[in-house]
**Q** 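Please read through the structure below; I'll follow up with questions.
Bear in mind that the values here come from a model prediction, so they are computed numbers and not experimental data.
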Amino acid sequence: MKPHYVLLAALATSSLLAIAGPPEKLPAAWTVSGPSPQKFSSGVETSDVGGVRGAKFLRNKSEDAQTWGALTQQISAQRYLGQRLQFKARIKTADISNYAGLWMRVDTPARHGAAFYNSVDKPIRGSTNWQERTVTLDVPADASIVSFGVIGSGKGQVWIDALTLEPVGRDVPVDRMSGRQRPLPDKPTL
C-alpha cells in the first residue's frame, strides 16, 4: 500500500472515532430506577442514532432477560394539580427482548401510584425506528410528585428523545391499565 493511502486510511479511522465518541453522562435530573439498576448503563449519545444526536439511552448490560430498568425523572406536581397531563417522546429500540415504552406515575401524600401507566399493553419489541409515543394521566388535586421516563424490560437498548410534558384537554383519553396488568401494591412499580 502506498504511504499516502495508509495516511488517508489512518485519518479516516481517527475521524470516525472522533464522530462516534463515548456517550455523555445523563443530566443530574435523570436516574436509572428498577429492581437492579446496576444491570443497566445509561447516558446521552454523542453520535448519530438514526438521524438524532443527543438522545438519552438505557441499555441492559447484563445477560438477565427477566430484569427491567427505567430512565426516570421526578418533578413536583404543583403546576399540574387537577389537570390532565401528557408525556410525549420519541423512542427507538434495538433488540428489546421483552418490551420497552413510556411510563408515568403520579403520587399523592397518601397514595404511591395514584395514577400509573407503563405501556405494557402497547409494547415495543425488537428493533424499531424512531416513533412517537404518549402517556396521558389525570393529576389529582392533592398530587405531590410526577415521575416519568422510558422503561426497558429484558435485553436490549432503548433511546428516548424530543420529550414534552404538558397539560391537555379532557377530550384526550387517559391511559389505563387493566387490573391484571397493574403491578401488585406490595411490588415496586418504579
Side-chain angles (χ1 to χ4, degrees), residues 21-77 80 85-107 112-113 115-137 139 143-166 175 177 181-183 187-190:
E24 296 175 0
K25 286 183 149 187
L26 286 172
W30 289 92
T31 61
V32 176
S33 61
S36 302
Q38 72 279 5
K39 293 183 178 182
F40 291 85
S41 61
S42 62
V44 178
E45 292 284 4
T46 56
S47 58
D48 183 279
V49 178
V52 174
R53 287 187 188 268
K56 293 166 188 61
F57 71 87
L58 178 70
R59 177 184 311 121
N60 183 339
K61 62 183 181 180
S62 76
E63 291 299 314
D64 185 352
Q66 302 306 310
T67 194
W68 61 268
L71 283 182
T72 302
Q73 188 172 141
Q74 290 187 332
I75 62 169
S76 169
Y80 304 112
L85 186 61
Q86 185 174 77
F87 171 44
K88 184 187 308 183
R90 292 182 353 140
I91 298 177
K92 178 178 171 51
T93 61
D95 303 320
I96 293 292
S97 64
N98 193 356
Y99 84 97
L102 296 183
W103 73 276
M104 186 164 61
R105 186 186 71 224
V106 182
D107 298 332
H112 182 78
F116 176 76
Y117 183 79
N118 71 358
S119 297
V120 72
D121 63 331
K122 298 176 189 171
I124 302 171
R125 292 187 174 104
S127 298
T128 63
N129 287 323
W130 288 105
Q131 57 185 285
E132 187 174 271
R133 293 288 181 113
T134 62
V135 174
T136 306
L137 295 175
V139 180
S144 54
I145 301 289
V146 176
S147 302
F148 58 92
V150 66
I151 188 169
S153 178
K155 295 180 182 180
Q157 180 167 339
V158 59
W159 291 266
I160 187 171
D161 189 56
L163 290 70
T164 62
L165 190 65
E166 60 188 8
D175 288 297
M177 297 178 63
Q181 292 172 327
R182 188 166 173 95
K187 300 229 176 172
T189 56
L190 288 177

**Q** Rounded at 0.5 Å granularity, tell me how far OG in S144 sits from CD in Q74.
**A**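 Those atoms lie 9.5 Å apart.
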
**Q** Using salt bridge (Lys or Arg N to Asp or Glu O under 4.0 Å), reason through K56 and E45 one step at a time and then give a plain yes or no.
**A** CA-CA 6 Å; K56 293 166 188 61; E45 292 284 4; over 6 Å; no

**Q** Between T46 and E24, is there a side-chain donor-acceptor contact under 3.5 Å, judged purely by atom types and distance?
**A**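 Absent: no donor and acceptor within the cut-off.
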
**Q** Is there a donor-acceptor pair under 3.5 Å between the side chain of S36 and the backbone N or O of Q38?
**A** no

**Q** A side-chain contact here means heavy atoms from C-beta on lying under 4.5 Å apart; do Y117 and L137 qualify?
**A**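 Y117 vs L137: side chains touch.
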
**Q** To the nearest 0.5 Å, tell me how far L102 CG sits from K88 NZ.
**A**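 Interatomic distance, L102 CG to K88 NZ, rounded to 0.5 Å: 11.5 Å.
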
**Q** Determine yes or no for a side-chain-to-main-chain donor-acceptor pair under 3.5 angstrom, with D107 supplying the side chain and I145 the backbone.
**A** no

**Q** Is the number of heavy atoms from other residues, nucleotides or ligands within 6.0 Å of CD (Q66) greater than 12?
**A** no

**Q** Examine distances only and state if a side-chain atom of R125 and a backbone atom of N98 form a donor-acceptor pair shorter than 3.5 Å.
**A**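 Indeed, once roles are kept as given, a pair shorter than 3.5 Å links the two residues.
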
**Q** Do K155 and D95 make a side-chain contact, defined as non-hydrogen atoms from C-beta onward lying under 4.5 Å apart?
**A** no

**Q** Rounded to the nearest 0.5 Å, what separates atom OG1 in T128 from atom CD1 in I91?
**A**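 One gets 8.0 Å once the value is rounded to the nearest 0.5 Å.
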
**Q** Side chains of I75 and L165: does their closest heavy-atom pair fall under 4.5 Å?
**A** yes

**Q** Any donor-acceptor pair under 3.5 Å linking the side chain of W30 with the backbone of G149?
**A** no

**Q** May I ask you to test the K92-W130 pair for a side-chain heavy-atom distance under 4.5 Å?
**A**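 Sidechains of W130 and K92: in contact.
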
**Q** Would you indicate whether E166, at its atom CD, is surrounded by more than 12 heavy atoms from other residues, nucleotides or ligands within a distance under 6.0 Å?
**A**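 Above 12, so yes.
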
**Q** I need the minimum non-hydrogen distance between V139 and Y80, along with the two atoms involved.
**A** CB-O, 3.4 Å

**Q** Can you confirm whether S42 sits close enough to T31 that some side-chain heavy atom of one is under 4.5 Å from a side-chain heavy atom of the other?
**A** no

**Q** Just wondering, do I160 and R90 contact through their side chains at under 4.5 Å, heavy atoms?
**A** no

**Q** Looking only at heavy atoms, which two atoms of K39 and N60 are closest? And how far apart?
**A**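 Looking at all heavy atoms of both residues, the closest pair is O-OD1, 3.4 Å.
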
**Q** Got V135 and Q86 here, is their nearest side-chain heavy-atom distance under 4.5 Å?
**A** no

**Q** Strictly distance-based, threshold 3.5 Å: is any side-chain N or O of D175 a donor or acceptor partner for the main-chain N or O of T136?
**A** yes

**Q** Which pair of non-hydrogen atoms, one from L26 and one from G43, has the smallest distance, and what is that distance?
**A**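 Where L26 meets G43 most closely, the heavy atoms are CD2-O, 3.5 Å.
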
**Q** Determine yes or no for a side-chain-to-main-chain donor-acceptor pair under 3.5 angstrom, with T93 supplying the side chain and V158 the backbone.
**A**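 Side chain of T93 to backbone of V158: no pair is present.
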
**Q** Could you check Q157, K61, R59 and say which one makes a side-chain hydrogen bond (donor to acceptor under 3.5 Å, both in side chains) with S41?
**A** R59

**Q** With rounding to the nearest 0.5 Å, note down the distance linking CG in L58 to OG in S153.
**A** 10.5 Å

**Q** Can you confirm whether Y99 sits close enough to W68 that some side-chain heavy atom of one is under 4.5 Å from a side-chain heavy atom of the other?
**A**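 A side-chain contact is absent here, since even the closest heavy-atom pair is not under 4.5 Å.
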
**Q** CG/D161 to CH2/W159 distance, rounded to the nearest 0.5 angstrom?
**A** 12.5 Å

**Q** Please confirm whether the backbone N or O of A94 pairs with a side-chain atom of S127, one donor and one acceptor, at under 3.5 Å?
**A** no

**Q** Using the rule given for side-chain contact (heavy atoms from CB on, under 4.5 Å), can you reason through M177 versus V120, listing the C-alpha separation, both sets of side-chain angles and the distance that settles it, and then say yes or no?
**A** CA-CA 8 Å; M177 297 178 63; V120 72; 3.9 Å; yes

**Q** Fit a plane to each ring of F148 and F87, take the angle between them on a 0 to 90° scale, and name the class: parallel (under 30°), tilted (30 to 60°) or perpendicular (over 60°).
**A**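 Rings of F148 and F87: tilted, 30 to 60°.
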
**Q** Working note: T72 + W103, criterion side-chain contact (heavy atoms from CB on, under 4.5 Å); need CA distance, chi angles, decisive distance, verdict.
**A** CA-CA 9 Å; T72 302; W103 73 276; 3.4 Å; yes

**Q** Rounded to the nearest 0.5 Å, how far does OG of S33 lie from CD of Q73?
**A** 12.0 Å

